[in-house]
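One structure below.
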Protein chains: 2
Amino acid sequence: MNISEARTRIVASADELYNARGIQAVGMDELRAAAGVSLKKLYQEFPSKGSIVMAVLERRHRSWAEGLDATVRQAPTPRARLLAIFDYLAQWFGEDSFRGCGFVNSFAELGAVSPDVADYARQHKESFQEYVGKLSEDAGAPPYLGPQLSILAEGAQTTAAIAGTVDAAVQARQAAEVLIDVALGHEVRGAA
Amino acid sequence: MNISEARTRIVASADELYNARGIQAVGMDELRAAAGVSLKKLYQEFPSKGSIVMAVLERRHRSWAEGLDATVRQAPTPRARLLAIFDYLAQWFGEDSFRGCGFVNSFAELGAVSPDVADYARQHKESFQEYVGKLSEDAGAPPYLGPQLSILAEGAQTTAAIAGTVDAAVQARQAAEVLIDVALGHEVRGAA
DNA sequence: GAGCGGAGAGAACGTTCGTTCTCTCTCGGT
DNA sequence: ACCGAGAGAGAACGAACGTTCTCTCCGCTC
């Protein structure tokens, strides 16, 4: 077996287990079993559990950013691209494995004791906010729209995770529509 | 020393410590020291760490609900009362001890392994959503406004916690203004 | 004053965790 | 065929945790 094959499998298993049950609740032996790897090889690939956690965060960031961008790219107009963010959320929330944003969760679990985890979570959120800001700019919206939509997306994730329903994605999407149209100077009528 | 005095001090210390460093990172001995109580008395008041966690959640819920309601009551109109939610958030985010919503954090840490914690977090969020829904109804807004504002508030909390700034509260407040006015059928002009 | 109940301090226990060590087996080169 | 390097399985280790037990001391009752 290739060395990097083992790395990949370890990180993938860790991602799945940490997401499902929390980082601190999953021990190295359980991870070893799930990855089908010896404990020796585990510590040969990663010097510590902390480094596995960081590798998982990197994997999550790549996966999220790529998935989001793929969905957004399919939308034809700048306005549709902004709304596509919430379609991506809706699809994500519907997955059985969805248990909230992995960065929020790891920040809550380890942010206070691990500066690395806290910094990475911050970076991930900043990168998302920049992405949304760029999409907003492309749509010709004033700069306040980006943060507003980012906050909506963030709130939808937390709400969906704790309530256990997909509703938050469509509610956030409807709110986003209003905010976008107002920011673009369109006429908006409230539905009664 | 009165028995319920000890209980109160234990729960207050636990709240502070759990908030600052995470529940799993704080051991019973550290809590005992912070509360100024013997380990014996600790287990005399609470049968287990889990029961202390639940008591902390109850305390947090009461404190949050009372603080929010006090701020909201000061606002003169239904519209101002809806916006007061975000003033409350802004003040909260500015506190040194702010480290994100305690229910989101405990859900992230223990929700997957403790149904009690998960259920309580769900109840807390539901209760907040009902509260916002009631305020929306009082303002004469259509029923979709409540969830929209709840999601905004939720997102502001997470964003402020991870970014470490208060900005999210005022950004969410501005978005809320737009959503409220559109929902009430007012004319809204986008600022450019 | 003697004895007793309860409280505080902290040692002790059993478990779990992250990490390392040991033992055994296999496989490739001469 | 033999020897050495490397890998797998899992025992072992030290620390930390939640929880319980022990010991000592204080104040109250007869």
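Every chain is numbered from 1 and lettered A, B, ... according to where its sequence line falls, protein lines coming before strand lines. Predicted, not measured: the structure shown is a model, and the values here were computed from it.
- A:Leu31 has its CG atom 12 Å from the P atom of C:dT19, to the nearest Å.
- Sequence order on DNA chain C of the closest nucleotides to B:Leu39 and A:Val26 puts B:Leu39 first from the 5' end.
- For the pair B:Met28 CE and D:dA16 P, the interatomic distance rounds to 18 Å; values are reported in whole Å.
- Mapped onto DNA chain D by nearest heavy atom, A:Ser38 and B:Gln24 fall at different nucleotides, with A:Ser38 at the one closer to the 5' end.
- Ion pair A:Arg81/A:Asp138 not flagged as a salt bridge, since none of the NZ, NE, NH1 or NH2 atoms sits closer than 4.0 Å to an Asp/Glu carboxylate oxygen.
- Contact check on B:Arg73 versus B:Asp69 returns a salt bridge, with a Lys/Arg side-chain nitrogen under 4.0 Å from an Asp/Glu carboxylate oxygen.
- Axis orientation changes by 30° from one end of the helix from C:dG1-D:dC30 to C:dT30-D:dA1 to the other, with each end axis drawn from 5 pairs and the value rounded to 10°.
- Atoms CD (B:Glu30) and P (D:dC17) sit 8 Å apart, rounded to a whole Å.
- Remark: P of C:dT20 and OH of A:Tyr43 are 7 Å apart, rounded to the nearest angstrom.
- Here the P atom of nucleotide D:dG18 and the NZ atom of B:Lys41 are 21 Å apart, to the nearest Å.
- The distance between the ring centers of B:Phe128 and B:Trp64 falls below 6.0 angstrom.
- Between B:Lys49 and the phosphate of D:dG18, there is a side-chain N or O to OP1/OP2 separation shorter than 4.0 Å.
- The A:Ser48 side chain lies nearest to C:dT19 when the options are C:dT19, C:dA9, D:dA9.
- Rounding to whole angstrom units, CZ of residue A:Phe46 and P of C:dT19 are separated by 13 Å.
- Distance NZ (A:Lys40) to P (C:dC21): 11 Å, rounded to an integer number of Å.
- Using modelled atom types, one finds no donor on one side chain facing an acceptor on the other under 3.5 Å when comparing B:Asn105 with B:Tyr18.
- Ion pairing of B:Arg21 with B:Glu30 is present here, as a side-chain N (NZ or NE/NH1/NH2) and a carboxylate O approach within less than 4.0 Å.
- The CG-C1' distance, from A:Asp29 to C:dG18, rounds to 11 Å in whole Å.
- Other residues, nucleotides and ligands place more than 12 heavy atoms under 6.0 Å from the CD atom of B:Glu58.
- In this structure, A:Asp116 CG and A:Ser106 OG are separated by 11.5 Å, a value rounded to the nearest 0.5 Å.
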